[in-house]
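FYI, side chains are in, hydrogens and waters are out, and symmetry mates aren't considered; it's all heavy atoms of this structure. Chain A is the first sequence line, chain B the second, and so forth, proteins listed ahead of strands; every chain is numbered from 1.
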There are 2 protein chains.
Amino acid sequence: MTGPDEQQIPEATIARLPGYLRVLNDFQAAGVTRVSSTDLAEAAGVQPALLRRDLSYFGSYGTRGVGYEVPLLVREIGLTTGGGTVWPVIMIGVGNLGRALATHGGLLQQDFKIVALVDVDPAVVGSTVGRRVVQHVDRLEELVAQYQPRIAIVATPAHAAQATCDRLVDAGITSILNFAPTGVVAPAHVTVRAVDLSQELRILAFHEARRVVASESATAQPVQPVQSAQSAQSAQEYVP
Amino acid sequence: MTGPDEQQIPEATIARLPGYLRVLNDFQAAGVTRVSSTDLAEAAGVQPALLRRDLSYFGSYGTRGVGYEVPLLVREIGLTTGGGTVWPVIMIGVGNLGRALATHGGLLQQDFKIVALVDVDPAVVGSTVGRRVVQHVDRLEELVAQYQPRIAIVATPAHAAQATCDRLVDAGITSILNFAPTGVVAPAHVTVRAVDLSQELRILAFHEARRVVASESATAQPVQPVQSAQSAQSAQEYVP
DNA sequence: CGCTGTGAATTATTTCACAGCA
DNA sequence: TGCTGTGAAATAATTCACAGCG
């Protein structure tokens with residue numbers, strides 16, 4: 001048994017790293033080579049102490065009295081979050097949303113590459129989306145074996161999501177980004193992240209509904225400082 | 001004084017409510033009228049105790065020894081998360097992603113309605129997307145005044161996101177769902193939620209990168225190199 | 001008896017605040 | 001001097017475990 005020494009990086013920290021990387025890239029593009037935790041934290045929308053704590057999990061990349069070297073930090077966080085390699089990704093479901101995602105610059109960025117697009121609809125199979133010909137879902141296992149993706153994007157209708165995920169997991173996929181408007185369960189060794197548009201809207205609606213109540217009843221109290229929830233990621237991992 | 005009873009509902013709980021509502025709707029559609037915290041929790045992917053705690057913030061909707069009445073719970077959570085009204089929503093940015101979102105069933109569901117679509121691109125302005133004619137962004141303030149939306153969906157390119165949000169906030173928007181691949185800042189009274197696709201992928205990549213390191217140190221057996229067999233494991237130096 | 005609702009314990013995350021180094 | 005890195009404290013979120021009611 002390997003000892004329990006492996007510093008466990010908090011999930012909350014992990015979820016913030018891409019954000020740090022983004023603002024660091026902006027700084028770098030602007031020619032900034034050094035940045036203090038205060039400035040970086042402000043740009044990223046977190047407290048300076050939290051930023052320092054987050055970075056400290058990876059080691060000492062700052063210089064006391066000076067700050068952090070932007071290029072160094074970009075490289076370190078980049079590597080930590082999987083940069084430096086091109087991750088092959090398979091996408092299941094090429095409807096409106098899938099098509100938008102597949103051609104969306106954000107997903108095609110540097111470190112990720114969609115190696116296969118899959119759908120059931122005969123009207124879609126065979127068409128070209130973002131330079132790739134959409135394959136029939138029957139070939140899913142074959143395609144996974146061929147391209148060896150570890151990450152899959154599921155953009156199927158709700159009713160097909162769970163079955164699709166099961167097949168993906170069986171085929172060897174270990175990370176799933178689920179856009180289907182339904183929850184999916186997967187074995188513990190698989191990381192599942194869900195992005196649900198209507199859920200996000202509901203959360204906003206909740207806050208709006210609260211605001212109405214608050215402003216109606218607030219005559220003496222200052223308006224509820226409804227904290228703005230920056231960066232919302234709902235991750236649901238199957239826990240045994 | 002209204003007493004100290006105004007229970008502050010944890011943000012974490014709020015984020016889970018839409019998920020509960022979804023599985024409750026599924027149960028209801030399946031004709032289930034009662035459900036125990038254990039069953040509901042399993043379907044929602046949380047622990048039973050957590051579900052009970054979450055629901056307890058809203059009052060006692062369960063019956064000891066029996067469980068929860070599905071219709072009652074659907075109604076309560078629905079109302080809490082803004083159901084029962086139709087929330088007008090304005091969308092800024094009608095590119096591939098915006099178009100997909102606008103026509104996506106999830107967003108058009110029951111409680112939300114896109115009342116205006118806005119873009120800058122002359123090639124897009126004037127076209128019809130999901131029964132709505134895309135308006136020029138110049139009319140943004142006018143449209144907000146006309147339809148009184150409180151919620152806005154921002155699906156512009158990164159460079160336009162902050163300016164767009166500023167205008168929206170000035171116009172009176174108090175909730176923003178940001179799909180632009182950049183962070184935006186807003187006054188404290190505005191709720192901002194961000195959905196960033198590439199960030200989600202990076203979080204998955206982080207976990208994948210970790211898995212490689214973990215399995216390598218555990219079995220001394222190198223795992224299948226990812227496609228371009230270059231240094232996929234250069235990220236193994238984060239052991240402090 | 002079975003299941004909810006919840007105080008208490010536990011765990012996770014954030015913030016404070018300051019020692020220590022460049 | 002100025003800013004990082006981090007113990008210690010504070011806060012938030014989750015889980016345990018069981019009293020209490022239908």
* B/Y57 side chain N/O closer than 4.0 Å to the phosphate oxygens (OP1, OP2) of D/dT14? ->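 No.
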
Euclidean distance, atom [atom1] of residue [X] to atom [atom2] of [N] [Å, nearest integer]:
X: A/Q8; N: C/dT11; atom1: CD; atom2: P; value: 15 Å
X: B/Y61; N: C/dC3; atom1: OH; atom2: C1'; value: 19 Å
X: B/Y68; N: D/dG22; atom1: OH; atom2: P; value: 15 Å
X: A/L55; N: C/dT14; atom1: CG; atom2: C1'; value: 15 Å
X: A/D54; N: C/dT13; atom1: CG; atom2: C1'; value: 10 Å
X: B/E11; N: D/dT11; atom1: CD; atom2: P; value: 19 Å
X: B/I9; N: D/dA13; atom1: CD1; atom2: C1'; value: 15 Å
X: B/L40; N: C/dG2; atom1: CG; atom2: C1'; value: 17 Å

* Check step by step if side chain to side chain donor-acceptor pair (under 3.5 Å) holds for B/S198 and A/R22. => CA-CA 10 Å; B/S198 61; A/R22 192 170 59 188; over 6 Å; no

Qualifying residues under side chain to side chain donor-acceptor pair (under 3.5 Å), relative to [X], sequence neighbours excluded:
X: B/R167; result: B/E141
X: B/T174; result: A/E208
X: A/Q47; result: none

* To do: Please work out which residues in residues 26-37 of chain A have a non-hydrogen atom less than 4.0 Å from an atom of DNA chain D and list them by number.
  =>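 A/S36, A/S37, in order of number.
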
* To do: Assign a letter to each nucleotide of nucleotides 15-22 of chain C from its 5' end: B, base within under 4.0 Å of a protein heavy atom; S, sugar-phosphate only; -, no contact.
  => BBB-BBBS

* Asked: Do B/V184 and B/V192 have side-chain heavy atoms sitting under 4.5 Å apart?
  ->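 The answer is yes; the side chains approach within 4.5 Å.
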
Quiz: residues 34-43 of chain A side-chain donor-acceptor pairs under 3.5 angstrom, not counting sequence neighbours:
residue: A/R34; atom: NE; partner: A/E69; partner atom: OE2; Å: 3.1
residue: A/S36; atom: OG; partner: A/D39; partner atom: N; Å: 3.2
residue: A/S37; atom: OG; partner: A/R52; partner atom: NH1; Å: 3.1

* To do: Just jot down the side-chain contact (heavy atoms from CB on, under 4.5 Å) partners of B/T80, sequence neighbours excluded, or say none.
  =>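 Testing B/T80 for side-chain contact (heavy atoms from CB on, under 4.5 Å), a comparison that skips the adjacent residues, returns A/F206, B/L17, B/F58.
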
* **Sequence-distant partners of A/A152, side-chain contact (heavy atoms from CB on, under 4.5 Å), two or more places apart** =>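 Partners of A/A152 by the side-chain contact (heavy atoms from CB on, under 4.5 Å) criterion, ordered by chain and then number, come out as A/I90, A/L168, A/I173.
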
* Asked: Tell me, which pairs form a side-chain hydrogen bond (donor to acceptor under 3.5 Å, both in side chains) where one or both residues lie in residues 151-164 of chain B, sequence neighbours left out?
  ->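 Found B/Q162-B/D166.
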
* Asked: Looking for any heavy atom pair under 4.0 Å, which part of the strands does B/F58 touch: base, sugar-phosphate only, or nothing?
  ->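 Contact class for B/F58: none.
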
